[in-house]
Amino acid sequence: MNLKTKMERTSKSFCHWQRKAFGCLIGRRERKISGVMESTLKEMRNGESVLDMTDERGVGGGVGDIYGEDRATEDQLLTPWSFTIASGHSLLRDPRYNKGLAFTEAERDAHYLRGLLPPVILSQEHQEKRLMHTLRQYQVPLHRYMAMMDLQERNERLFYKLLIDHVEELLPVVYTPVVGEACQKYGSIFRRPQGLYISLKEKGKIFEVLKNWPERSIQVIVVTDGERILGLGDLGCQGMGIPVGKLSLYTALGGVRPSVCLPVTIDVGTNNKHLLEDEFYIGLRQRRATGQEYAELLDEFMSAVKQNYGEKVLVQFEDFANHNAFELLKKYGTTHLVFNDDIQGTASVVLAGLVAALRLVGGALADHTFLFLGAGEAGTGIAELIALEVSKKTKAPVEEARKKIWLVDSKGLIVSSRKESIQHFKQPWAHEHEPIKELVDAVKAIKPSVLIGTSGVGKTFTKEVVEAMAALNEKPLILALSNPTSQSECTAEEAYTWTEGRAIFASGSPFDPVKYDGKVFIPGQANNAYIFPGFGLGIIMSGTIRVHDDLLLAASEALAGQVTEENYEKGLIYPPFSNIRKISAHIAANVAAKAYELGLATRLPRPQDLVKYAESCMYTPVYRQYR
Ligand SMILES: NC(=O)C1=CN([C@@H]2O[C@H](COP(=O)(O)OP(=O)(O)OC[C@H]3O[C@@H](n4cnc5c(N)ncnc54)[C@H](OP(=O)(O)O)[C@@H]3O)[C@@H](O)[C@H]2O)C=CC1
Ligand SMILES: CC(=O)C(=O)O
Ligand SMILES: [Mg+2]
């Protein structure tokens, strides 16, 4: 028997034994490593140990079945896929298992850690306290972001524990606004790849490239091509911060296990002159590929995803420019499980806020008039979902419901008489009206009760605009959705001050509470981060195969239902993020319930109590005992 066969046999029987003993470990921990047989055998000879993860279900609930833990076949466990058994120094270097100073005496003995750590043993809570203390010392927000990314790369469970336990404080660090600055400077701060980079160079090889990713059972992919990163424009390959950030929220806010999440950036070049000239830029140094070249790369990617991960992997398109976003959603919406967060997730979160706001401003949705600044993905996505909801509630045709929704783009109010051609996604909103160029004039003419900013341009809700809203409405509803904070259409302070404290206000990026006229006003955060984590969990746990508008409405309804009396008393139209895991469980349950009703859910039998089931599926980052 030659050495290779010998090693394969040894490895195979070892896999078999280990799978028997530690079923949940194997199948997920298999890793593609070149020369894996040699290294596996070497590790075994060196007395490497096995980590017992059998308490995973205990702390993480019934996750095993929905994540397909035991799906790997014997063949998959052999070349090129195998698994490593971490212990000793490599255990400390593996972010998924590393517990740092929290390893117990027994674990230090059992896993060859003696001498590799100082004598002190800290609890996870104590580690959190120490980290928060350190993070709060950083004055520069980007340094906090970098510290959080380092933690994620060092100790995954501690990263998620910290993020979950301090969600309101840390969300602005790993997400908007700081992630925006991080993307702008991604080349300079780049340390380790946190996602998969698929560039034009990988054309023809994407199937193999996906196999380079260390995890096999992927259930959610967030993909960007970096062309419209928040309201910061084309950041090319450096947009990677967005899929990484969004997926960390999938885990922290929605309880989707990190190992099933895959961040992807498609690099077809950038038209950002500044980046093309930046010596630290990490992407392809060429102008964006378009047309057939672009379409072919995306096509290859989408096929490779399906081939590698099956039909039920959720692909979330994020921060594509609108000239591609609508088309991609339409093209793959019938063949893949796809979701556009900017069009659909944003629509769902805003509709929830509007429905909740009715408690404060009165009337039904159909009684209100809506004016948007910005008629792209977010603007038209929200507008369409409002129209759909109004149409369902009033039984009027959706065309009728659209009549009370108006949009302004960079050329002014969208009207049917506009001379230039109107992009297809704007056409349903081209109502009959005389052309109006300025937003303030549109406010005066249309007389909206709700003003929504989705322009990506900061400071566009001027004093004049906000005062015009205040003159028309007792309680003007003003949503400044553009991100990051620098692009917000107005600040919370401006909204409250210019309306003499009468505005109901929410923004895409967070603002601190505002003191006005002796009263404290707490602005809400209208961000799709409320929706996509729970939405994704609902899709995964029900095995849903397609996204349908009714699922977005279900998510929206669940979110609105989580706003409490106490929140309303404070003028809030969204519940606080501190309750997000509970909120996500309700969103997941409502989405799954609707999916079962529509026949889109494939995981049978349907659990009786979907909220409980969602909670039981959620990943929790509490350390596990390694026996
Ligand atoms: N809070 C949240 O959860 C979310 C927030 N957003 C934010 O919304 C913003 C827009 O995103 P998205 O819709 O995808 O972007 P798009 O590029 O698809 O749309 C932008 C729209 O704004 C219009 N516009 C640009 N400048 C002006 C201006 N000066 N006056 C009037 N209209 C203008 C554009 O007009 P034209 O068509 O004529 O070019 C276009 O219609 C971003 O800042 C993004 O961060 C997005 C998703 C979620
Ligand atoms: C929040 C978000 O998805 C955006 O600003 O693009
Ligand atoms: Mg986005």
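For ligands, and for the atoms within them, numbers begin at 1 and follow the listed sequence.
Considering each of Ala526, Ser410, Ser488, Pro484, the one bringing a non-hydrogen atom nearest atom 35 (O) of ligand 1 is Ser410. Here the shortest heavy-atom distance to atom 4 (C) of ligand 1, taken over Asp342, Asn483, Leu232, belongs to Asn483. Evaluated by nearest non-hydrogen atom to atom 30 (N) of ligand 1, the leading choice among Val457, Val349, Ile343, Leu373 is Leu373.
In this structure, Thr176 has no heavy atom closer than 4.0 Å to ligand 2.
Of all atoms in ligand 1, numbered sequentially from 1 with element shown, those under 4.0 Å from a heavy atom of Ala375 are 21 (C), 40 (C), 41 (O).
Considering backbone and side-chain atoms alike, Ala378 places an N or O below 3.5 Å from some N or O of ligand 1. An N or O contact shorter than 3.5 Å is missing between Gln487 and ligand 1 by distance.
Closest to the Mg ion (ligand 3) among the N, O or S atoms of Asp319 is OD1. The Mg ion (ligand 3) lies closest to atom OE2 when only the N/O/S atoms of Glu318 are considered.
Within the 4.0 Å heavy-atom criterion, both parts of Asn527, backbone and side chain, lie near ligand 1. When non-hydrogen atoms are compared, ligand 2 lies under 4.0 Å from the side chain of Tyr175 (C-beta onward) but not from its backbone.
Metal site remark for the Mg ion (ligand 3): Asp342 contributes an N, O or S atom at a distance under 2.8 Å.
Of the protein's heavy atoms, Ser455 O, 3.9 Å lies nearest to atom 24 (N) of ligand 1. Of all protein heavy atoms, the one closest to atom 3 (O) of ligand 1 is Asn528 N, 2.9 Å.
Ring pair His433/Trp406 is perpendicular by interplanar angle, where above 60° counts as perpendicular and below 30° as parallel.
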task: List the steps, then state whether salt bridge (Lys or Arg N to Asp or Glu O under 4.0 Å) holds for Lys331 with Glu327.
output: CA-CA 6 Å; Lys331 181 169 180 187; Glu327 213 170 298; over 6 Å; no

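Counting only distance, with no hydrogens or angles, the side chain of Ser584 and the backbone of Leu253 share a donor-acceptor pair below 3.5 Å.
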